[in-house]
Amino acid sequence: MATQKITLAKGLNMGLRKAMEDDPKVLLMGEDVGKLGGVFRITDGLQKDFGEDRVIDSPLAESGIVGTAVGMAMRGYRPVVEIQFDGFVYPAYDQIVCQVAKIHFRSQGRVKMPMVIRIPFGGGIGAVEHHSESPEAQFAHTPGLKVVACSNPVDGYWMMQQAIACDDPVIFLEPKRQYHADKAELDESATPEPLFTSRIVRAGTDLTLLAYGPTVKTAMKAAEAAATEGRSIEVIDLRTLSPLDMAPVLDSVRRTGRAVVTHEAHVNLGLGAELSARITEECFYSLEAPVLRVGGFDTPYPPSRIEEDFLPDLDRVLDAVDRSWEF
Amino acid sequence: MATQKITLAKGLNMGLRKAMEDDPKVLLMGEDVGKLGGVFRITDGLQKDFGEDRVIDSPLAESGIVGTAVGMAMRGYRPVVEIQFDGFVYPAYDQIVCQVAKIHFRSQGRVKMPMVIRIPFGGGIGAVEHHSESPEAQFAHTPGLKVVACSNPVDGYWMMQQAIACDDPVIFLEPKRQYHADKAELDESATPEPLFTSRIVRAGTDLTLLAYGPTVKTAMKAAEAAATEGRSIEVIDLRTLSPLDMAPVLDSVRRTGRAVVTHEAHVNLGLGAELSARITEECFYSLEAPVLRVGGFDTPYPPSRIEEDFLPDLDRVLDAVDRSWEF
Amino acid sequence: MTQQSPGGAQSDTPGFGPDLVEVFGPSQQDGGPELIQLLTPEGERVHHHEFDQDFSAEELRGFYRDMVLTRRIDTEATALQRHGELGIWAQLLGQEAAQIGAGRALRPQDYVFPTYREHGVAWCRGVDPLRLLGLFRGVDQGGWDPAANNFALYTIVIGAQTLHATGYAMGVQRDGDVGTGDPDRDTAVVAHFGDGASSQGDVNEAFIFAASYNAPVVFFCQNNQWAISEPIERQSRIPLYQRALGFGFPGVRVDGNDVLATYAVTKAALQRARDGQGPTLVEAYTYRMGAHTTTDDPTRYRLSNDVESWKLKDPIARVEVYLRRNGLADDDFLASIQAEADELGHTLREGCKSMPDPQALSMFDHVYAEETDELRAQREGYAAYLETFEGSH
Amino acid sequence: MTQQSPGGAQSDTPGFGPDLVEVFGPSQQDGGPELIQLLTPEGERVHHHEFDQDFSAEELRGFYRDMVLTRRIDTEATALQRHGELGIWAQLLGQEAAQIGAGRALRPQDYVFPTYREHGVAWCRGVDPLRLLGLFRGVDQGGWDPAANNFALYTIVIGAQTLHATGYAMGVQRDGDVGTGDPDRDTAVVAHFGDGASSQGDVNEAFIFAASYNAPVVFFCQNNQWAISEPIERQSRIPLYQRALGFGFPGVRVDGNDVLATYAVTKAALQRARDGQGPTLVEAYTYRMGAHTTTDDPTRYRLSNDVESWKLKDPIARVEVYLRRNGLADDDFLASIQAEADELGHTLREGCKSMPDPQALSMFDHVYAEETDELRAQREGYAAYLETFEGSH
Ligand SMILES: Cc1ncc(C[n+]2csc(CCOP(=O)(O)OP(=O)(O)O)c2C)c(N)n1
Ligand SMILES: Cc1ncc(C[n+]2csc(CCOP(=O)(O)OP(=O)(O)O)c2C)c(N)n1
Ligand SMILES: [Mg+2]
Ligand SMILES: [Mg+2]
């Protein structure tokens, strides 16, 4: 099969389409996912091709969307729901953490909950309040949920299908800033890596830089910039946030002796905290410096005119790399 | 004023009463807080004495409770809302993280949000699902909220009044297992420590043990048990979870070189993760061992017959102490 | 007091028409004129222009038996809790007719989403009552297989299950199992919830989704007048069944202490759903005769007078009177049911006491359908830790 | 297609009475017979048996002026967005009458909780429109002082503010500011929300709390027929104003393109609230003539025919016709309003372009009323970091 150059938005769209073709039980639901194809057009064309019964525009109520999806899953469907923006997932929070996450456990495995909750997340798009947040830590703290974040078009295509095929509920985070940013070559005949694995996206020897979703690009740029100064940075795209795939991370840190984590979520109790705790516990004698964290500050997401100051960027990542060195 | 021996339930009740006497703007609202005095009787007698306008039984809707409390606060009241059990706070999650936490920021300080959200939390009472959870990490991750946990009757009395007097929204966590457990001597004429401070509750030299809410008692027992083996453990009752009061913690760890954190919340992305990350960052060269964490496992809260296996207990804390030593 | 009572002083502002409170009056102790009844508290058979139907002697005796046995489950469980065998128990005393009426109206393919008090419905579905006890004993969180009886697990977060029911019903639509005319295929879904739960956003969103998609779901609300200590008036100032009117589907109020009426009305609502005519709200007007749960103390908030007056409306007594008066049941029959109840009580007692505690390590099971290495490591770590104790003992 | 259309094939199951869908019929393009109107699209003054009132020439010209200026704010902001000066803009085109009618009916002590599109109401409250632009430019999240105009900040999470309004109204009750008869004291609260928002749990919970406490709040729903790409039929299969009936308080549907009717109905609903008669739902039946926001593309989901037919109901044109026809406004007057609008447009353009960006460090301000050491340290750390760049430049 020929390869093609696609954006992340296209990769996700193709992944959804493929999953719907492969399994008639896959349903999409959300606000504006039908005729409009979603405000980001990720479901573009799918209602036209699969009908209103499979691509369902819902009333404007997130708890209702997730709660009815629970019932559909109980009836044997595999619902994929779209939350329009990160900041609007909270009305559904109760259904997600008390029902979606727990029904398999509650029923001692008798009731499966194969649901994907898609959330465009992260900032940098110049939006108003609630449109730029990073809620992943709260979901990763909740047993019963799996949480993944894609960072590029090819992963978007494969991870979406894998998440839909997974028999557990998956919170699927899509870096909205990247939707239409860069294109990549997709080979549909390739064999993807498993869903819940992290990936070294740039090999290095001096420091391990951990990122996911939107910060992977920043991390790659930081590694390039550091290389010009003779520092060899290994970049890992975590891809899975719960479970964490610690093996490649620990292996890397044992080699490099230093780690920096970067994400857009608030630093306080963000994924960086957990990674720091685990890395320190497992690599105590290998560490030359404490694990440093570069994230969103511990303030509400600010007005968009200063959002780039809130978000971790190349310079702040490099600054942390420097600080790690100086320890 | 003579001192009296009181339970935690009584201390909280007296604290609420005092706050209501001192400030007519203080209102209580929640499910069953009126005639019944709450399912734990924390508001016992208050409706009788302050009337139905100040102690308000609400319709059964947590988002409604918190959302209307936001409006009351805007009108100049100081609402104290009760969430009946930890696991029922999630329907109000959206109002808490998107509104309560952000209105002061959104309005550039023009609108204050002096609200207290009381949550009986933690397990060990043999209850059914959703009645034994520890949701603190999710709130502590949210900028704009302050989060405190009391551990004893005297703190219950003072911290409640201080939280109500605070101009910021405070998530007030009450260890329900302790409500009627132990009595302590209350001197109402004493001067309490400030609300957002941690406290060394047992001095020690060999290891710093951090706890809050229900695990403080466990930590004290662990320190006693360790003492019989000649190990001197310093126990800190964190009291405030957001902001964290790191100064006494860091000072302690610099002296002891070892730290263990214990809480009932899931270990993954629990407060222990943040404490580990910060301690490691600040005390890198003082640490003899990585910060170890003893918490609820990363499973949903289990059926009550095995909840004591889920919850951190004396033995598991001592085991972590041992592991810290062996590093 | 700053609150104005509804229907208070009229102003001369232009009209919005009367409030519904004025049209229907506030909720009344006797359920008001809209209450659908087929059997009075005195055991008299009355007729209703729309919901009347004939009942065979066998059916009537069946209702009686189910209610007596359900009540026995409840009393037994309450006693077991007092003896420390259960952590807590949510009593259904007084709500037997509402639950048996609703439960008996189901067909096998229908699916039920209960709250935490539907022991009678569970009984009708064939769920082993011992499994209900397991949850309240704390050995599991619902030990029955939902698929075996089309009876979901109890849901403790109030109202959440109404959305699950609606979504399930949307699945039924997608399977084409509505409106085919095939009585063994057309499927209805029932969501149980309480008067208190009716205030939750989730319940109202369920109404919206069900109306929007015309889903085959029956919202069955047991208005037992109380949400723990809060009277129904805190949740609604008009009769609860009228809530449905605001969402564009029918609501009815049935005497929830009348098993015949509850059965007839539920059956009709289920058939509406199966026929593809969409959702219905059934308000079963009843009374919580016991405490909210065994840890509750209702003397703190309600008058024993009220309870006394509701005793006269006992759901079982009226059927017994009717059966006897019409020669449909004799002493032998009644004694045989009592014997069956005693037998059931005995089985439950013994079964409950001998119910084993779960293994500690079972808490790591079923967190995921596809287990994670992370959790496996946690389980193994804890297993190894536990073994250090075994060794030391 | 598995969904059954409401009001479809009748079965012979016993009756629940007709569905409300059958009683009222589905939502109609023209608003149906229940639509309250005082001024037709053709500019004819019609009378209503309950909500009629006289308007002075000055009042009428005032409505006209407000609507023209509000529309100008909207067009200006839309243009500014196209020129990159705003990140996004939520247009109110077509909803001017609904907003000016609702805004003008307020008294100073009343309090308004808007959603994100109430630029016309803001105008009536005296909020500087430049402050509205600030939010959409991304320099702040609402730069006005809510207390200065009793106009809360915009709320973007749809529906959340309806609970705030209800709670505020409960505060008003506690202050004794209802039903005193003192026109300068009695206070009403207004919650604005859209047809889409009506599906949120929060909005329905607000109805419940408001009914339960009989709070002095007016729920003002601008049914502009669309929630982004979803038509009103997805949210409700009966006219939206009837939602209130299910909660036991009155609902009315007013022609939201008729400023006179909207004013009269809102005024009456507010007075009901101030008098202590509790909540009312006002559905202003209107149409979103523009896109949802400047980033939306409505051609993907709706017919230009519909838009054309609504153009004939333009809220400003009908007042202009009426004013002219009745000699209440001449060319000079209309020209003077145009001049005022041009002036306003100019001020907005210049003001917007010269609106300074916030300081980066301001993001650490006002997170708390009582700042934490933690955050102070974070601010100082970032300040020091920024200084390293200043040095290097
Ligand atoms: C979301 C949520 N909030 C609070 C509770 C605690 N709670 C359990 S039962 C109950 C009262 C429910 O009353 P109702 O719906 O009338 O049902 P009933 O108990 O009368 O059968 C409450 C407040 C809960 N289970 N879930
Ligand atoms: C809780 C929540 N979910 C989703 C959104 C995204 N969103 C913004 S406006 C909108 C449509 C709202 O429609 P409606 O209530 O009719 O108001 P209108 O925009 O027509 O004025 C949506 C879905 C949001 N702001 N909040
Ligand atoms: Mg009840
Ligand atoms: Mg709309």
Side-chain angles (χ1 to χ4, degrees), chain B residues 24-25 27 29 52-54 56-77 79 91-92 94-95 97-99 101-114 143-146 165-169 195-196 240 242-247 278, chain D residues 111 113 135 140-148 152-157 159-175 177 187 189 191 200-202 204-213 215 217 358 362-363 365-377:
Chain B
K25 291 292 186 185
L27 304 177
M29 180 155 67
E52 289 188 22
D53 266 6
R54 292 191 64 195
I56 309 168
D57 270 330
S58 72
L60 261 65
E62 286 75 8
S63 190
I65 294 169
V66 174
T68 53
V70 167
M72 290 178 187
M74 287 174 157
R75 181 73 184 182
Y77 286 89
D94 175 57
Q95 284 286 348
V97 305
C98 294
Q99 305 301 331
K102 290 184 173 164
I103 283 175
H104 188 263
F105 182 80
R106 182 181 301 151
S107 69
Q108 294 157 64
R110 292 185 180 108
V111 183
K112 291 205 170 49
M113 200 40 57
L145 299 177
K146 290 177 174 174
C166 176
D167 270 346
D168 289 305
L195 180 57
F196 299 106
T240 174
S242 180
L244 283 167
D245 181 22
M246 289 306 288
R278 291 206 207 177
Chain D
Y111 203 101
F113 287 84
L135 187 162
D140 57 41
Q141 297 173 331
W144 59 97
D145 180 359
L153 295 186
Y154 279 4
T155 297
I156 287 169
V157 177
Q161 74 285 358
T162 58
L163 282 168
H164 307 166
T166 304
Y168 191 95
M170 290 167 67
V172 167
Q173 288 180 308
R174 277 157 185 75
D175 292 339
D177 294 343
T187 300
V189 184
Q200 287 285 352
D202 273 8
N204 294 278
E205 292 186 8
F207 292 169
I208 286 166
F209 278 65
S212 187
Y213 300 112
V217 57
S362 70
M363 83 177 111
D365 296 340
H366 308 302
V367 179
Y368 299 101
E370 302 170 13
E371 198 181 39
T372 66
D373 291 344
E374 234 174 40
L375 202 59
R376 194 175 304 120

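Order of the sequence lines fixes the chain letters, A, B, ..., with proteins taken first and strands second; residue numbering starts at 1 for each chain.
Interface residue D/Y154: only backbone heavy atoms are found under 4.5 Å from chain B. Proximity to chain D (any heavy atom under 4.5 Å) is restricted, for B/Q95, to the side chain, taken from C-beta onward. Neither the backbone nor the side chain of B/D245 comes within contact range of chain D; no heavy atoms are under 4.5 Å apart. With a threshold of 4.5 angstrom between heavy atoms, B/I65 approaches chain D through its backbone and through its side chain. Contact of D/D365 with chain B is made through the backbone alone, with heavy-atom distances under 4.5 Å. Heavy-atom distances place no part of D/Y111 under 4.5 Å from chain B, backbone and side chain included. Using a 4.5 Å cut-off between heavy atoms, B/K102 does not touch chain D at all. Heavy atoms closer than 4.5 Å to chain B are found nowhere in D/A147, neither backbone nor side chain. In this structure, the portions of D/Q141 lying under 4.5 Å from any heavy atom of chain B include both its backbone and its side chain. Heavy atoms closer than 4.5 Å to chain D are found in the side chain of B/S242, but not in its backbone.
Under the side-chain hydrogen bond (donor to acceptor under 3.5 Å, both in side chains) criterion, D/N204 pairs with D/R243, sequence neighbours left out. Residues satisfying the side-chain hydrogen bond (donor to acceptor under 3.5 Å, both in side chains) test with D/E370, not counting sequence neighbours, are none.
In this structure, the side chains of B/D94 and D/V157 come closer than 4.5 Å at one or more pairs of heavy atoms. Two residues are said to be in side-chain contact when any heavy atoms from C-beta on lie closer than 4.5 Å; B/M29 and D/M170 meet this criterion. Contact check for B/R106 versus D/D140: no side-chain heavy atoms found under the 4.5 Å cut-off. Looking only at side-chain heavy atoms (C-beta outward), D/L153 and B/V111 stay at 4.5 Å or farther from each other.
Put simply, of D/T166, D/I208, D/V367, the one with the most heavy-atom pairs under 4.5 Å next to chain B is D/V367. When each of D/T155, D/T372, D/T162, D/V189 is checked for heavy-atom pairs under 4.5 Å with chain B, D/T372 comes out on top. Per-residue counts of heavy-atom pairs under 4.5 Å with chain B were compared for D/G167, D/P146, D/A169; the largest is that of D/G167. Interface remark: of the candidates B/M72, B/M246, B/K112, B/M72 forms the most heavy-atom pairs closer than 4.5 Å to chain D.
Under the 3.5 Å distance criterion, with hydrogens and angles disregarded, no donor-acceptor pair is assigned to the side chains of D/Y213 and B/D53.
Remark: the backbone N or O of D/A369 is paired with a side-chain donor or acceptor of B/D168 at under 3.5 angstrom. Looking at B/R110, its side chain does come within 3.5 Å of a backbone N or O of D/G143 through a donor-acceptor pair. Under the 3.5 Å distance criterion, the side-chain polar atoms of D/Y368 are matched with a main-chain donor or acceptor of B/G144.
Of all the heavy atoms in B/S63 and D/D202, the pair that sits closest is OG-OD1, 2.5 Å. Residues B/Q99 and D/A160 share a closest heavy-atom pair of NE2-CB, 3.7 Å. Looking at every heavy atom in both residues, B/H104 comes nearest to D/H366 through ND1-O, 2.8 Å. For the pair D/F209 and B/G64, the tightest heavy-atom approach, listed with the atom from each and the gap, is CZ-C, 3.5 Å.
Between the CZ atom in B/R75 and the CZ atom in D/R174 there is a gap of 12.0 Å [rounded to 0.5 Å]. The structure places CG of B/L244 at 12.0 Å from CG of D/D373, a figure rounded to the nearest 0.5 Å.
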